[in-house]
Amino acid sequence: MSWRAEALDFREITFGSDEYKQTCELRNEVLRLPLGLSLYSEDLQQEKEQLHFGLFDHDAELIACVIAVLQKPGKAKLRQMAVKAGYEGQGVGRRLLLTLEALLAARGVTQLSLHARISAAGFYEKLGYVRLGAPFVEVGIPHVRMEKQQQSLNKP
Ligand SMILES: CC(C)(COP(=O)(O)OP(=O)(O)OC[C@H]1O[C@@H](n2cnc3c(N)ncnc32)[C@H](O)[C@@H]1OP(=O)(O)O)[C@@H](O)C(=O)NCCC(=O)NCCS
């Protein structure tokens, strides 16, 4: 393996840029096509107000991405976390999320929430997120709401 998750380049991405278009492709491949859905049938204009982040390899290829939505003061919601096929289980998701948590904490965020696919809830638990409430269905598959508080942000 000629790469390490720690060596990937973490970047904030501008809505509408070429890097943003790469995130759409990755999210479509990982999060929508396997469900028989298309990201491009959704209203992506609302993402103009959201914060986009990615991890890139040395060839500027996007390996993982996630979106943060700032809500009430101090609160943010994470969405659309995706790691490129073939790169899962090697610390990429952890690197992306912990780096983002540190950035958001520095911007005053004290509480993060997300809707986790049940299949991925164990990943978020490893990073200190806790399940809240009963599972529900979103994009046709079971999800659960999860949260992480400030004192544990940027800590697994
Ligand atoms: C879920 C996902 C984001 C995790 O990223 P990743 O790079 O594969 O995870 P990491 O390698 O950083 O794993 C960190 C830890 O979580 C564990 N983990 C990873 N995926 C897991 C899962 N689906 N369930 C339970 N534990 C998981 C790893 O074993 C590792 O544990 P360790 O600390 O004991 O070694 C990624 O696999 C992915 O994009 N999956 C498909 C799309 C998806 O489900 N996105 C989330 C939507 S809510």
Side-chain angles (χ1 to χ4, degrees), residues 1-13 19-44 46-47 50-71 75-105 109 111-149 151-156:
M1 191 69 60
S2 63
W3 65 279
R4 288 179 305 115
E6 296 72 27
L8 295 172
D9 188 23
F10 176 84
R11 286 186 224 149
E12 186 160 358
I13 292 168
E19 289 182 339
Y20 171 77
K21 288 172 190 157
Q22 279 193 69
T23 71
C24 292
E25 275 304 296
L26 182 59
R27 289 154 53 199
N28 197 37
E29 281 168 21
V30 174
L31 298 172
R32 290 294 179 266
L33 293 179
L35 302 179
L37 302 171
S38 169
L39 182 76
Y40 301 103
S41 64
E42 299 175 19
D43 175 18
L44 297 179
Q46 61 171 351
E47 297 190 349
Q50 303 177 356
L51 305 176
H52 302 266
F53 301 91
L55 284 178
F56 294 83
D57 72 7
H58 56 276
D59 292 325
E61 183 187 354
L62 181 69
I63 305 299
C65 60
V66 65
I67 297 174
V69 186
L70 298 179
Q71 300 179 305
K75 296 191 179 187
K77 180 177 175 182
L78 304 182
R79 55 183 296 267
Q80 298 270 291
M81 171 98 187
V83 172
K84 189 178 171 70
Y87 289 81
E88 311 97 323
Q90 298 172 81
V92 172
R94 173 189 278 115
R95 164 92 204 288
L96 178 58
L97 210 43
L98 293 182
T99 309
L100 175 58
E101 287 178 8
L103 179 147
L104 292 175
V109 171
Q111 182 187 296
L112 287 173
S113 66
L114 56 90
H115 292 177
R117 295 180 176 200
I118 293 288
S119 59
F123 162 73
Y124 295 106
E125 282 174 332
K126 289 238 157 133
L127 293 181
Y129 290 75
V130 294
R131 300 181 194 224
L132 292 175
F136 56 92
V137 172
E138 211 170 75
V139 289
I141 53 171
H143 282 70
V144 64
R145 182 177 154 82
M146 301 187 83
E147 267 186 17
K148 187 172 178 179
Q149 306 288 341
Q151 60 271 22
S152 48
L153 288 186
N154 193 31
K155 291 184 193 130

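Basis for what follows: all heavy atoms, side chains included, without hydrogens, waters or symmetry-related copies. Nothing here was measured: the structure is a model prediction, and the numbers come from that model. Remember, it's 1-based here, ligands and their atoms both numbered in the order they're listed.
- Protein non-hydrogen atoms do reach within 4.0 Å of atom 31 (O) of ligand 1.
- Using cut-offs of 30° and 60° on the angle between ring planes, the pair His115 and Phe136 is perpendicular.
- Near Val92, meaning under 4.0 Å from one of its heavy atoms, ligand 1 places the atoms 7 (O), 12 (O).
- Looking at Gln90 next to ligand 1, an N or O pair under 3.5 Å apart turns up.
- Applying the 4.0 Å criterion to heavy atoms of Gly91 picks out, from ligand 1, the atoms 10 (P), 11 (O), 12 (O).
- In this structure, atom 28 (C) of ligand 1 is not in close contact with the protein, since no protein heavy atom lies within 4.0 Å of it.
- Of the protein's non-hydrogen atoms, the one nearest atom 20 (N) of ligand 1 is Phe123 CB, 3.7 Å.
- With sequence neighbours left out, the salt bridge (charged side-chain N to carboxylate O under 4.0 Å, His left out) criterion links Arg94 to no other residue.
- For the pair Glu25/Leu62, no side-chain contact is recorded, criterion being any heavy-atom separation below 4.5 Å from C-beta on.
- Put simply, the side chain of Arg95 never gets that close to the backbone of Arg4: no donor and acceptor are under 3.5 Å apart.
- Of all atoms in ligand 1, listed by their number and element, those nearer than 4.0 Å to a heavy atom of Ala82 are 39 (O).
- Applying the 4.0 Å criterion to heavy atoms of Tyr124 picks out, from ligand 1, the atoms 46 (C), 48 (S).
- Contacts of Leu31 with ligand 1, taken as heavy-atom pairs under 4.0 Å, involve the side chain alone.
- Proximity to Glu88 (heavy-atom distance under 4.0 Å) selects the following atoms of ligand 1: 8 (O), 37 (O).
- Of all protein heavy atoms, the one closest to atom 1 (C) of ligand 1 is Ala120 CB, 3.9 Å.
- Side-chain atoms of Tyr124 and Glu147 include no donor-acceptor pair closer than 3.5 Å.
- When the options Gly122, Ala116, Ser119, Gly89 are ranked by their closest heavy atom to atom 22 (C) of ligand 1, first place goes to Ser119.
- Under the rule for a side-chain contact (heavy atoms from CB on, under 4.5 Å), the partners of Phe53 that lie at least two apart in sequence or sit in another chain are Phe10, Glu12, Leu51, Val66, Ala68, Leu100, Leu103.
- Residues Leu78 and Ile67 have side chains not in contact (no heavy-atom distance under 4.5 Å, counting atoms from C-beta outward).
- With salt bridges taken as basic N to acidic carboxylate O contacts below 4.0 Å, one links Glu47 and Arg27.
- Ranking protein heavy atoms by distance to atom 45 (N) of ligand 1, first place goes to Met81 O, 3.0 Å.
- Of the protein's non-hydrogen atoms, the one nearest atom 39 (O) of ligand 1 is Val83 N, 2.8 Å.
- Counting heavy atoms under 4.0 Å from ligand 1, residue Val30 touches it through the side chain alone.
- For the pair Val144 and Gly133, the tightest heavy-atom approach, listed with the atom from each and the gap, is CG2-O, 3.9 Å.
- In terms of protein heavy-atom proximity, atom 7 (O) of ligand 1 is closest to Gly93 N, 2.7 Å.
- Put simply, the side chain of His52 reaches to within 4.5 Å of the side chain of Gln50, judged on heavy atoms.
- Considering only non-hydrogen atoms, atom 34 (O) of ligand 1 lies nearest to Lys126 out of Arg94, Lys126, Lys84.
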What verdict does the side chain to side chain contact (heavy atoms under 4.5 Å, CB included) test give for Leu127 and Leu98, after you've listed the backbone C-alpha separation in whole Å, the side-chain angles of each residue and the deciding distance to 0.1 Å?
CA-CA 8 Å; Leu127 293 181; Leu98 293 182; 4.3 Å; yes

